[in-house]
Amino acid sequence: MHIPDGYLSPATCAVGYAASLPFWRVALKRVKKTMNSRQVPLLSLFAALSFVIMMFNLPLPGGTTGHATGIGLATVVIGPWAAMLAVSVAVVVLFFGDGGVTAIGANCFNMAIAGALVAYVVYRLVAGRSPLASARRVVAAGVAGYVAINFSALLAAVEFGIQPMLYKDAGGAPLYCPYPLSIAIPAMMIGHLTIAGLAELAVSAGVVAFLQRSDISLLRATAGKVRESEEALPQAPSRSLRPLWAGLAILCVLTPLGILAAGSAWGEWMASDYADAAARHQISSATFNHAVPEHAPEGLARLSSVWTAPFARYAPPYIRGAAFGYLLSGMFGVGLIVVGFLFLGSFTRSATRAGPDSA
């Protein structure tokens, strides 16, 4: 679902940014009010978790790949507004060519914003007023993650599919994504309703079940009214995050498993792939044997060069081993996210302290 540069028209990209900006603004204001010594590690932790989870590619029908996003888990633990920021930061790490600069707004709206809102609504509906330690909460988290990632995939499919309807050259050929809704929607949804959606369900439900036993207070933020006394819940110290940080470290070490799945994600083919015989065969298989253009559409080819990732496809040019390069890319991305949030937290606290003094 990381839409690359060139697959969406400039107008569509502008709509994506315009739709995302109000949510980012509200999310920043909401998070700023609660920014404290524990909120910053939580934000950086779940942004880093989302980034690493996205590195674990899974084989999907049609020879493509997909991945979970962690949006369901992040929403359940830190709330929808904080989750929007955390997953947006994970999406915006563009050093590895996962998604384009022009499509940042659309990608963040699909995965972070819409995903968080859908996950929150589904989680609250399914969980009801059940106790935080109940199995119903685990089921609710899993269902929330499953529905959220499929809703995000549907949005991306619609954005892909409307391009050939709205934007054509003088000869009637598509300028950007060449695949209509009749191909984009089933191609995206089959893989997400089966493999990727189930992976998201397992991540969300599994970690929530773990937190019920290790630090149930982390599930309080989105719990709403429950049938048990809030006073009975322990106030967990900051060291309670250590198991989650340890889990993140283990996932980082295991990231090379993400390159075992062959093929590109649907709709993330490079412009040069359209002129490559082997890549064209793979594209054809992934689009139900739809005719593949012999060359990349004009607009796609033009916009695809807007941004060149320094570590494209998580492969640093100075590292020979693919697995080691993938591992280093994961560690670099996690470090970048954590340092960024630490800087944001320090800046926010400084601004808050300076506010009353300046007044």
Side-chain angles (χ1 to χ4, degrees), residues 31 34 36-54 56 68-87 89-90 112 115-116 118-149 197-252 254 334 337-338 341:
V31 171
T34 60
N36 53 49
S37 59
R38 194 174 192 207
Q39 184 75 357
V40 174
L42 275 173
L43 281 169
S44 59
L45 172 62
F46 280 94
L49 273 172
S50 176
F51 174 80
V52 172
I53 288 170
M54 292 181 194
F56 285 87
T69 64
I71 186 60
L73 173 62
T75 302
V76 170
V77 178
I78 60 177
W81 298 104
M84 286 180 196
L85 292 183
V87 178
V89 169
V118 169
Y120 180 71
V121 170
V122 172
Y123 176 70
R124 291 294 299 270
L125 286 175
V126 178
R129 299 184 62 184
S130 60
L132 290 185
S134 68
R136 183 173 172 180
R137 292 277 171 179
V138 176
V139 173
V143 173
Y146 180 84
V147 175
I149 192 174
L198 293 178
E200 189 78 35
L201 184 152
V203 168
S204 301
V207 177
V208 167
F210 171 76
L211 291 176
Q212 285 180 331
R213 292 165 175 78
S214 64
D215 185 3
I216 200 170
S217 68
L218 284 174
L219 302 178
R220 187 185 312 182
T222 57
K225 294 182 178 180
V226 295
R227 292 198 297 266
E228 60 192 358
S229 173
E230 288 293 318
E231 289 76 12
L233 295 177
Q235 295 293 331
S238 58
R239 60 191 170 96
S240 64
L241 295 180
R242 289 179 183 174
L244 292 177
W245 284 109
L248 174 62
I250 292 172
L251 287 177
C252 282
L254 296 176
V334 168
I337 289 170
V338 172
F341 270 110

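Only a predicted model underlies this, so the values are computations on that prediction, with no experimental measurement involved.
In terms of heavy atoms, Ser204 sits closest to Ala141 at CB-O, 3.3 Å. Cys252 and Val52 get closest at one heavy-atom pair: SG-CG2, 3.9 Å. Among all heavy-atom pairs drawn from Leu43 and Ala86, the shortest one is O-CB, 4.0 Å. When all heavy atoms are compared, the tightest approach of Ile71 to Ala112 is CD1-O, 3.7 Å. When every heavy atom of Ala223 is checked against every heavy atom of Leu132, the shortest pair comes out as CB-CD2, 3.3 Å. Scanning both residues, Ala127 and Ser130, for their nearest heavy atoms gives O-OG, 2.7 Å.
Separating the CD1 atom in Ile78 from the CG atom in Leu45 is a distance of 8.5 Å, to the nearest 0.5 Å. To the nearest 0.5 Å, atom OG1 of residue Thr75 and atom CH2 of residue Trp81 are 11.5 Å apart. Here the CG-CZ distance, from Leu85 to Phe46, works out to 14.5 Å after rounding to the nearest 0.5 Å. With rounding to the nearest 0.5 angstrom, the CZ atom of Phe56 is 5.5 Å from the CG atom of Leu254.
For Tyr123, the side-chain hydrogen bond (donor to acceptor under 3.5 Å, both in side chains) partners are Arg137, not counting sequence neighbours. Applying the ring pair (Phe, Tyr, Trp, His ring centres under 6.0 Å) criterion to Phe341, with sequence neighbours excluded, gives no partner residue. Take Leu198 and apply the side chain to side chain contact (heavy atoms under 4.5 Å, CB included) test, not counting sequence neighbours, and it matches Tyr146. Residues satisfying the side-chain hydrogen bond (donor to acceptor under 3.5 Å, both in side chains) test with Thr69, not counting sequence neighbours, are Glu200. Val207 meets the side chain to side chain contact (heavy atoms under 4.5 Å, CB included) test with Leu73, Leu211, Leu244; sequence neighbours excluded. Partners of Val147 under the side chain to side chain contact (heavy atoms under 4.5 Å, CB included) rule, at least two apart in sequence or in another chain, are Val118, Val122, Val143.
Thr222 places a side-chain N or O within donor-acceptor distance of the main-chain N or O of Val76, the cut-off being under 3.5 Å. Judged by distance alone, the side chain of Ser44 and the main-chain N or O of Val40 form a donor-acceptor pair under 3.5 Å. One N or O on the side chain of Arg213 and one on the backbone of Ala209 form a donor-acceptor pair closer than 3.5 Å.
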In sequence, state the C-alpha distance, the side-chain angles, and the governing distance for Leu241 and Leu218, and then conclude on side chain to side chain contact (heavy atoms under 4.5 Å, CB included).
CA-CA 9 Å; Leu241 295 180; Leu218 284 174; 4.0 Å; yes
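For the pair Arg242/Asp215, no side-chain contact is recorded, criterion being any heavy-atom separation below 4.5 Å from C-beta on.
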